[in-house]
Amino acid sequence: MSTHSGGPCLPAAASASSRGMKPKASSEHEEHIGKAGGKITLRADDYPQWYQDVIREAEMAEPAKVVKGCMVIKPHGYAVWEKIQRELDGRFKATGHKNAYFPLLIPQSFITKEAEHVEGFAPELAVVTHAGGEALDEPYVIRPTSETVIGYFFSHWVDSYRDLPLLINQWANVMRWEKRTRMFLRTTEFLWQEGHTAHASHEEAQEEVRRMLGVYGDFAEEVMAMPVIRGVKTDSEKFAGALQSTCIEAMMQDGKALQAGTSHDLGQNFGRAFNVMFQTQSGARDYVWQTSWGVSTRLIGGLIMTHSDDAGLVLPPRLAPIHIVIVPIFRGDDERSRVLAACAKLRDQLVDIDIAPPRARYRDFLEVVVDDRDMKPGAKFYDWERKGVPVRVELGPKDLEKDQVCVKMRVDSEAGKGKEFIPTAQFLATVRERLTKFQDALLAAARQRTLARSVELNTWDEFLRTFAGEQSSFAWCHWDGTRETEAKIKEQTRATIRCIPLPGQGPAPEPGACILTGKPSPQRVLIAKAY
RNA sequence: CGGGACGUGGCCCAGCCUGGUAGGGCGCCUGCUUCGGAUGCAGGAGGUCGCAGGUUCAAAUCCUGCCGUCCCGACCA
């Protein structure tokens, strides 16, 4: 942990807004104070450490310690995942998919049936060799993904074109023995959803691939307030066993890219491997065309690195487990009881407000907490800021007199805008709009940041400068389309081709010369360092 | 798996070089007191110093191995 000698460790975002904090005399222990106790490293000092600190201080998750590479997702983190699930699940069902559940264990032989698939996943499998006190005849692998076992069952479920399309989604945990783990971004075990569909034609499967990529993209932007680039993976980056992989890529605050979701065109590869055949309308027999698509708890890592600041976690209202915290301000028992009663009343009024978007199939009532812990208000402010609660309301005797509330947003909408004093009725009437605006502002800020750090590069010199050291940006460059050039770029700069953008996702396609080789290129591709 | 850093009560760390068997701050508990931006007072609980061997009269401290965490690579949601 780096320390900041001299001066209190004030988060930059906090000090940016004029909140009249008196500078304190420096003391030796200033970086270890507050209820949660820990310190959040400044992003500018050490971005990876900041990320770890935010997760710890917001109580999102912690390393499992006793299980290598795994993590415990704590209630605050899991609540975010539940909101992600609810929102995505609704979108999957709205596009005709049904949930099902397949076994955690997969016969080892299944994995080997699709050549590229084995090659891709064999190195990272966990294998069960013993059970019930005896060695198994055939070991099971713990699923790294379920194409194979689902392919097996699809082969039993599909006979006719009338059985298609088969549109299945599974919410599950999977396990991949990765060399290097990072909280949320890459853990040995992780939670995800995996969609698996079978179609009668390639065209229909391709439509499905694009449709679900669209769902992911919309979700990322509308719900997570995380702008993404939608594109196609190069051959060397595609899913093991797929014909083509599409993805959404998001820019983190350090300029690196995060693959936030993937949607694969599996062609007939798994259909052949698992003999998933159907009889066509004309009576012929053919293999089904399959797709798979998934997003994982990695999204939470992306969420953190998209919005959070030096004061801790920042959550968009649509994913925040708690929307509003009410901090009572009082002195003496008399004030205490009066203020707490007012807090309870305000909470009761707020929790009846539904902030679900217009066409939602669910209701999204405000989650409100009255923080009546025996702590100083300031300590509570810091605590809730670290946890990313979008709105803080302070309620004290002065407010009771004036029938007003003091409102402070987790991220100030304008520079210098701090606490607002608003008539209670007006606050209640506009809180929904306030949260919507907050959500929009987060997206706009993220868009602005992504845009500001996106560049079109035309010379190898510029390219080397852009990716020198730990630096990264979203670089739109021409590429000659060869695997060799792709490998050289990676070797020399550690930046990779994140995707070939879909129409409307990058600069308008125009032919040019490859940034490395000068050979002809039909359009620019997105290059960045990646998580 | 390679390179680096590290592992001491819940958190952050000191002690290790120069072995003699554990210390601070925060947090926690009890009571008091405060309460519009966090470090009030008193008392108290809590540690096989990551694990296993070895050296030694004696190991948190020295040696070896292992495990785990973090960072940087190779691999991936």
Side-chain angles (χ1 to χ4, degrees), chain A residues 1 3 8-11 14-15 17 19-22 24-39 46-49 51-53 56-57 62-71 120-124 144-145 174 176-188 190-194 216 237 239-240 245 247-248 258-262 264 293-302 311 327-332 335-336 339 373-386 392 394-399 406 408 418-419 421 469-470 490-491 494 530-531:
Chain A
M1 269 238 175
T3 53
C9 175
L10 276 183
S15 51
S17 62
R19 293 187 287 193
M21 270 200 75
K22 281 174 271 183
K24 307 263 180 183
S26 62
S27 89
E28 297 162 45
H29 307 293
E30 290 190 279
E31 53 265 22
H32 308 304
I33 47 187
K35 168 80 171 154
K39 176 181 82 82
D46 185 346
Y47 195 78
Q49 185 62 54
Y51 176 71
Q52 297 291 329
D53 292 346
R56 186 188 67 244
E57 293 305 310
E62 64 182 52
K65 284 191 174 179
V66 290
V67 187
K68 182 177 162 63
C70 292
M71 67 175 172
F121 284 103
E124 52 189 52
T145 177
V174 290
R176 297 179 187 178
W177 220 260
E178 301 285 358
K179 308 285 189 211
R180 184 181 174 199
T181 57
R182 277 163 162 266
M183 300 264 272
F184 287 114
L185 300 177
R186 185 176 300 102
T187 47
T188 300
F190 58 95
L191 305 181
W192 77 346
Q193 61 68 217
E194 45 181 328
Y216 288 154
E237 296 267 343
F239 176 76
S245 289
C247 62
I248 52 172
L258 184 74
Q259 180 174 309
T262 47
H264 313 292
W293 28 274
V295 297
S296 71
T297 35
R298 165 182 279 190
L299 287 177
I300 297 174
V327 178
I329 309 294
F330 55 80
R331 57 181 83 209
E335 275 187 9
R336 180 172 192 277
V339 169
R373 289 177 296 176
D374 184 19
M375 293 162 59
K376 293 192 173 182
K380 295 177 183 178
F381 300 164
Y382 276 80
D383 192 38
W384 292 111
E385 272 166 15
R386 278 189 291 247
R392 181 178 82 227
E394 297 169 29
L395 206 53
K398 293 177 198 165
D399 307 307
C406 170
K408 176 73 175 67
K419 295 180 179 180
F421 294 86
E470 283 302 301
K490 184 175 183 180
E491 200 177 305
R494 284 161 39 220
Y531 275 97

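Side-chain atoms are counted along with the backbone in the values below, which use heavy atoms only and exclude waters and symmetry mates. By convention in this document, chain letters (A, B, ...) are assigned in the order of the sequence lines, proteins followed by strands, and residues within each chain are numbered from 1.
As judged by a 4.0 angstrom heavy-atom cut-off over every strand, A/Lys68 is placed among residues touching the sugar-phosphate backbone only. Across all strands shown, A/Gly294 has no heavy atoms under 4.0 Å from either base or sugar-phosphate atoms. Residue contacts for A/Arg182: at a heavy-atom cut-off of 4.0 Å it reaches the sugar-phosphate backbone alone, with no base atom in range. Within 4.0 Å of A/Thr187, counting heavy atoms only, lies at least one base atom of the nucleic acid. Contact annotation for A/Glu394: base contact, defined as any heavy-atom pair under 4.0 Å involving a base atom. The residue A/Gly302 sits apart from the nucleic acid: no heavy atom pair falls under 4.0 Å. Counting any heavy atom pair closer than 4.0 Å across all strands shown, A/Leu258 reaches no nucleic acid atom. Across all strands shown, A/Lys380 has no heavy atoms under 4.0 Å from either base or sugar-phosphate atoms.
Closest to the side chain of A/Lys419, from the set B/rC70, B/rU39, B/rG36, is B/rG36. Out of B/rC35, B/rA77, B/rG36, the shortest distance to the side chain of A/Phe330 is found at B/rC35. Closest to the side chain of A/Arg386, from the set B/rG36, B/rA77, B/rA38, is B/rA38. Here the nucleotide nearest the side chain of A/Arg298, chosen from B/rC11, B/rA77, B/rA38, is B/rA77. Across B/rC75, B/rA77, B/rA38, the shortest atom-to-atom separation from the side chain of A/Glu124 is found for B/rC75. With B/rC35, B/rA77, B/rG37 as the choices, the nucleotide that has an atom nearest any side-chain atom of A/Ile329 turns out to be B/rC35. The side chain of A/Pro377 sits closest to B/rC35 out of B/rC70, B/rC35, B/rU39. Comparing B/rG37, B/rG36, B/rA38 by their closest approach to the side chain of A/Ala379 singles out B/rA38.
With A/Arg298 contributing its side chain and A/Gln259 its backbone, the two residues share a donor-acceptor pair below 3.5 Å. Of the possible donor and acceptor atoms, one in the side chain of A/Gln193 sits under 3.5 Å from a partner among the backbone N and O of A/Val295. A donor-acceptor contact shorter than 3.5 Å links the side chain of A/Ser245 to the backbone of A/Phe239. Listed for the A/Tyr216 side chain is a donor-acceptor partner under 3.5 Å among the backbone atoms of A/Gly294. Put simply, the side chain of A/Arg176 gets close to the backbone of A/Pro144: a donor and an acceptor are under 3.5 Å apart.
Atoms CD1 (A/Ile300) and P (B/rA77) sit 18 Å apart, rounded to a whole Å. The CG atom of A/Asp383 sits 16 Å away from the C1' atom of B/rC35 (whole-angstrom rounding). If you take NZ of A/Lys376 and P of B/rG36, they are 7 Å apart, rounded to a whole angstrom. Spacing between atom CD of A/Gln52 and atom P of B/rU69 amounts to 11 Å, rounded to whole angstrom units. With rounding to whole Å, A/Lys490 atom NZ is found 7 Å from B/rC76 atom P. Atom CE of A/Met375 and atom P of B/rU34 are 18 Å apart (whole Å). Rounded to whole angstrom, the span from the CZ atom of A/Arg336 across to the P atom of B/rU33 amounts to 13 Å. Rounded to an integer number of Å, the gap from A/Gln49 CD to B/rU69 C1' is 11 Å.
Put simply, A/Phe381 does not rest on the base of B/rG37: the two rings are not both less than 5.5 Å apart at their centres and under 30° in tilt.
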Between the protein and nucleotides 4-7 of chain B, list every N/O to N/O distance that falls short of 3.5 Å.
none

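Taking only distance into account, the side chain of A/Arg392 meets the base of B/rG37 through a donor-acceptor pair shorter than 3.5 Å. Side chain A/Glu385 to base B/rG37: a donor-acceptor pair is found below 3.5 Å.
The side-chain heavy atoms of A/Cys70 and A/Thr187, taken from C-beta on, include no pair separated by under 4.5 Å.
Figure legend. B/rU64 is base-paired to B/rA52; pairs are counted as Watson-Crick or G-U wobble with both atom distances under 3.5 Å. With a cut-off of 3.5 Å on both Watson-Crick or G-U wobble distances, the partner of B/rU69 is given as B/rA5.
For the atom pair NZ of A/Lys179 and CD of A/Glu124, the computed distance is 8.5 Å after rounding to the nearest 0.5 Å.
Of the P atoms belonging to B/rG43 and B/rA58, the separation is 40 Å, rounded to the nearest Å.
A cation-pi contact links A/Arg392 to A/Phe381, judged by a cut-off of 6.0 Å to the six-membered ring centre and 45° from its axis.
Two residues, A/Leu191 and A/Asp374, neighbour RNA chain B, and the one matched to the more 5' nucleotide by heavy-atom proximity is A/Asp374. Toward the 5' end of RNA chain B, the nearer of the two residues A/Trp192 and A/Tyr51, judged by each one's closest nucleotide, is A/Tyr51.
Distances shorter than 4.0 Å separate some side-chain N or O of A/Arg331 from OP1 or OP2 on B/rC35.
For the pair A/Asp53 and A/Arg56, the salt-bridge criterion is met [side-chain N within less than 4.0 Å of a carboxylate O].
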Between A/Thr188 and A/Lys68, is a side chain to side chain contact (heavy atoms under 4.5 Å, CB included) present by the stated rule, with each step listed?
CA-CA 8 Å; A/Thr188 300; A/Lys68 182 177 162 63; 5.6 Å; no

